[in-house]
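One structure, pasted below without further comment.
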There are 2 protein chains.
Amino acid sequence: MKVDVIVFECREGSLLQTEAVVTQKKQKVKEQFHLFLTKKRLKATLQRNLILDAFVDLDRPTHMDELYLILRSKHSHIGHATVYRALRLFAAAGIAREFSLGDGLTRYELAGHGKRHDYLVCSDCGTVTEFDNSSIEERQLAVARSMGFTVEALKIELRGVCSRCLTQSG
Amino acid sequence: MKVDVIVFECREGSLLQTEAVVTQKKQKVKEQFHLFLTKKRLKATLQRNLILDAFVDLDRPTHMDELYLILRSKHSHIGHATVYRALRLFAAAGIAREFSLGDGLTRYELAGHGKRHDYLVCSDCGTVTEFDNSSIEERQLAVARSMGFTVEALKIELRGVCSRCLTQSG
DNA sequence: CTAGATGCAAATGCTTTGCACGATC
DNA sequence: GATCGTGCAAAGCATTTGCATCTAG
C-alpha cells in the first residue's frame with residue numbers, strides 16, 4: 001500500500017520556525033553527521049550529502065520512496081539502495097529516528113524532534129499529524145516500571161479521521 | 001526478521017481466567033464468527049474452524065507464521081495462504097484486530113481484549129507484554145479532539161528491556 | 001592507492017493472487 | 001450443482017545484498 005503523507009507540525013513551544021532557526025538546525029545536523037562519519041572512518045560522499053539535504057529540507061517524517069522521488073527529480077544518478085543505506089546510516093548516526101506505522105513502509109524523522117513520538121494517523125487520507133503531550137509520559141513510565149520493564153522508547157499512535165477529511169466528506 | 005513472541009497478560013480485573021470463562025469466551029467468539037459467515041453467505045470450512053480454534057486457544061497476540069506452525073504440526077494439509085486469508089477474515093468479522101509492531105509481521109489479537117492496545121516490546125528477546133492503563137485514554141482523546149481529530153483507535157507502544165532479560169544479562 | 005560507497009540487478013522475506021481442484025450450502 | 005474456499009506456485013512489495021565499478025581520504 002502506498003500512502004502520501006503530509007504532516008502538520010504541532011509541537012509545544014515554537015510553532016513558527018524562523019528561517020534562521022531552520023538554517024541553524026540544518027547546519028547542526030550536518031555537523032553531527034560529518035562528525036559521525038569521521039569518527040567511524042566513513043566517507044562524506046556526494047550522494048550522502050544530497051540525501052541528507054533533501055531529508056533535512058523536507059523537515060517532516062518521510063520514507064525512502066518519497067526522498068528517492070525528490071532526489072531523482074533533481075539528480076538522476078541515485079539508486080534506491082543508496083537512499084535506503086543512507087537513511088539507516090542517519091539513524092545510526094543519531095540524526096534520524098526510524099519508526100513504522102503499520103503500512104509496509106519504514107519511516108524516518110529528524111531525531112531532534114523531541115523524545116516522544118505521538119502520531120495522529122488519518123485513516124482517510126493517510127496524513128500523519130505529530131503532536132506532543134508530555135503529561136502522559138510519566139504515567140506510562142510508572143506503569144512500565146511497576147512491571148519491571150526498563151523503558152527505552154515510547155510511541156503513541158492515534159488513528160481516526162482528521163479535521164480536513166471530516167469537513168470534506170460530510 | 002523472525003521474532004518469537006511470548007505474552008504475559010496483565011489486564012485490569014481478572015488476571016486469573018478460570019477454565020469455564022475461557023471456554024465461554026471461545027464459544028462466544030465462534031458464534032460471532034459463524035453468524036458473520038452466514039450473513040455474508042460465506043462458508044464454514046474445516047480449515048477456518050481449525051485456524052479459529054488455534055487462534056482462540058493461543059489467546060494472545062500472534063501472527064500468521066506462528067499459527068501456521070501450530071496448525072501444520074497437527075494437520076499437515078493447510079497452506080499459509082489459507083491462514084493469511086482466515087486471519088483477514090477474522091478481522092473483517094470483528095473477532096480479531098490487526099496490528100503491527102514495526103517488524104515486517106502483521107499481528108492479530110482477539111478483539112475482545114479491550115479497546116486499548118498498550119504493548120511493552122522487549123528489544124532484547126522480542127517478547128510482547130500487554131498492559132492496560134485506562135487513565136491515559138481520556139487525556140489522549142482530549143488532545144486529539146482539540147486538534148479536530150476524530151479518534152478511532154489508540155495504540156501505545158513502549159520499547160525497552162523486560163525484567164527477565166534485565167536479570168539474565170546483568 | 002586502498003578502504004569504503006555506489007548502482008544495478010538479483011535475492012530475500014512477508015503477503016497476496018491466479019487458477020485448477022475440492023468442499024460447502 | 002453452483003458458489004465459494006483451498007493449496008500450490010507465481011507474483012508483488014519494500015527492503016537488502018552481491019559484485020564490479022568508482023571515489024573520497
Side-chain angles (χ1 to χ4, degrees), chain A residues 1-5 30 33-52 54 61-69 71-72 75-93 96 98-108 126, chain B residues 1-5 33-52 54 61-69 71-72 74-93 96 98-108 126:
Chain A
M1 191 211 310
K2 298 216 174 188
V3 180
D4 289 316
V5 175
K30 285 188 172 184
F33 183 55
H34 283 274
L35 201 71
F36 172 84
L37 291 179
T38 310
K39 268 194 209 161
K40 297 268 185 178
R41 276 174 233 285
L42 301 176
K43 290 172 182 173
T45 62
L46 175 66
Q47 288 89 332
R48 282 175 179 168
N49 284 321
L50 288 173
I51 297 167
L52 183 54
T62 188
H63 46 82
M64 126 64 197
D65 199 53
E66 188 173 40
L67 283 179
Y68 181 69
L69 255 48
L71 289 160
R72 285 294 271 223
H75 327 271
S76 52
H77 288 300
I78 282 189
H80 49 211
T82 306
V83 182
Y84 277 117
R85 287 188 272 231
L87 285 171
R88 274 200 290 162
L89 196 64
F90 296 167
E98 193 183 305
F99 70 104
S100 156
L101 290 175
D103 50 22
L105 305 179
T106 307
R107 290 161 195 279
Y108 293 86
Chain B
M1 190 211 309
K2 299 216 175 187
V3 181
D4 289 315
V5 174
F33 183 55
H34 284 274
L35 201 70
F36 173 84
L37 291 178
T38 310
K39 268 194 210 162
K40 296 269 184 182
R41 280 175 228 284
L42 301 176
K43 291 170 181 171
T45 63
L46 176 65
Q47 288 89 332
R48 282 175 179 168
N49 284 321
L50 288 172
I51 297 167
L52 183 55
T62 187
H63 46 83
M64 126 65 199
D65 199 54
E66 189 174 38
L67 284 178
Y68 181 69
L69 256 46
L71 289 160
R72 284 293 271 220
K74 297 176 187 168
H75 326 273
S76 51
H77 287 300
I78 282 189
H80 49 211
T82 305
V83 183
Y84 277 117
R85 287 189 272 231
L87 286 171
R88 274 200 289 162
L89 196 64
F90 297 167
E98 192 183 305
F99 70 103
S100 155
L101 290 175
D103 50 21
L105 305 179
T106 307
R107 291 162 194 279
Y108 292 86

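Note on naming: letters A, B, ... go to the chains in the order of the sequence lines (proteins, then strands), and numbering restarts at 1 for each one.
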| field | Straight-line distance of A/D103 CG to A/H63 NE2, nearest 0.5 Å | value |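 It is 7.5 Å, given to the nearest 0.5 Å.
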| message | Whole angstroms only, please: what is the CD1-P distance between A/I78 and C/dC8? | response |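 Distance check: A/I78 CD1 to C/dC8 P gives 11 Å.
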| query | Rounded to the nearest 0.5 Å, what separation is found between the OG1 atom of B/T62 and the CG atom of B/L105? | reply |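 Answer rounded to 0.5 Å: 9.5 Å.
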| query | Taking CZ from B/R107 and C1' from C/dT15, how many angstroms apart are they, rounded to a whole number? | reply |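 My rounded result for the distance is 15 Å.
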| task | Taking all heavy atoms of A/L87 and all of A/M64, pick out the closest pair and write down the distance. | result |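 Closest heavy-atom pair between A/L87 and A/M64: CD1-CA, 3.8 Å.
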Only distances under 3.5 Å count here; give the side-chain donor-acceptor pairs of residues 34-45 of chain A to other protein atoms, sequence neighbours excluded, each with its distance to 0.1 Å.
{"residue": "A/H34", "atom": "NE2", "partner": "A/N49", "partner atom": "OD1", "Å": "3.1"}
{"residue": "A/T38", "atom": "OG1", "partner": "A/H34", "partner atom": "O", "Å": "2.7"}
{"residue": "A/T45", "atom": "OG1", "partner": "A/R48", "partner atom": "N", "Å": "3.3"}

| said: Which residues pass the ring pair (Phe, Tyr, Trp, His ring centres under 6.0 Å) test with A/Y68, not counting sequence neighbours? | reply: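 Residues passing ring pair (Phe, Tyr, Trp, His ring centres under 6.0 Å) with A/Y68: A/H80.
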| said: Restricting to side chain to side chain donor-acceptor pair (under 3.5 Å), what partner residues turn up for B/T82, sequence neighbours left out? | reply: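 Expected list: none.
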| For the residue pair B/L89 and B/F33, what are the closest heavy atoms and their distance? |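 Distance-wise, the nearest heavy atoms are CD2-CZ, 3.8 Å.
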| query | Taking CD1 from B/I51 and P from D/dT6, how many angstroms apart are they, rounded to a whole number? | reply |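 It is 7 Å, rounded to the nearest whole Å.
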| For the pair made of CZ in A/F99 and C1' in D/dA14, what is the distance, rounded to whole Å? |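 From A/F99 CZ to D/dA14 C1': 16 Å.
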| task | Mind calculating the distance between NE2 (B/H77) and P (D/dT6) to the nearest angstrom? | result |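 For the pair B/H77 NE2 and D/dT6 P, the rounded distance is 15 Å.
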| message | Considering every strand and a 4.0 Å limit on heavy-atom distances, what is the contact class for A/L46: base, sugar-phosphate, or nothing? | response |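 Answer is nothing: A/L46 stays at 4.0 Å or more from every strand.
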| query | Side-chain N or O of B/Q47 less than 4.0 angstrom from OP1 or OP2 on C/dA23? | reply |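 Indeed not, no polar side-chain atom of B/Q47 lies that close.
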| request: Could you tell me the separation between the NE2 atom of A/H63 and the P atom of D/dT15, rounded to a whole number of Å? | output: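 Value for this atom pair: 9 Å.
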| Neighbours of DNA chain C within residues 36-45 of chain B, by heavy-atom distance under 4.0 Å |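 Heavy-atom cutoff 4.0 Å gives B/K43, B/A44.
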| query | By side chain to side chain donor-acceptor pair (under 3.5 Å), which residues pair with A/Y108, not counting sequence neighbours? | reply |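 So A/Y108 forms a side chain to side chain donor-acceptor pair (under 3.5 Å) with A/E98.
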| Interface residues of residues 82-92 of chain B with DNA chain D (non-hydrogen, below 4.0 angstrom) |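 Close to the strand are B/T82, B/R85.
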| request: Measure the distance from CG on B/N49 to C1' on C/dT24 and round it to the nearest whole Å. | output: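 That distance rounds to 12 Å.
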| query | Roughly how far apart are A/L50 CG and A/L67 CG, rounded to 0.5 Å? | reply |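 Answer rounded to 0.5 Å: 11.5 Å.
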| Euclidean distance, atom OH of residue A/Y108 to atom P of D/dA14 [Å, nearest integer] |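 Atom-to-atom, A/Y108 to D/dA14, this comes out as 15 Å.
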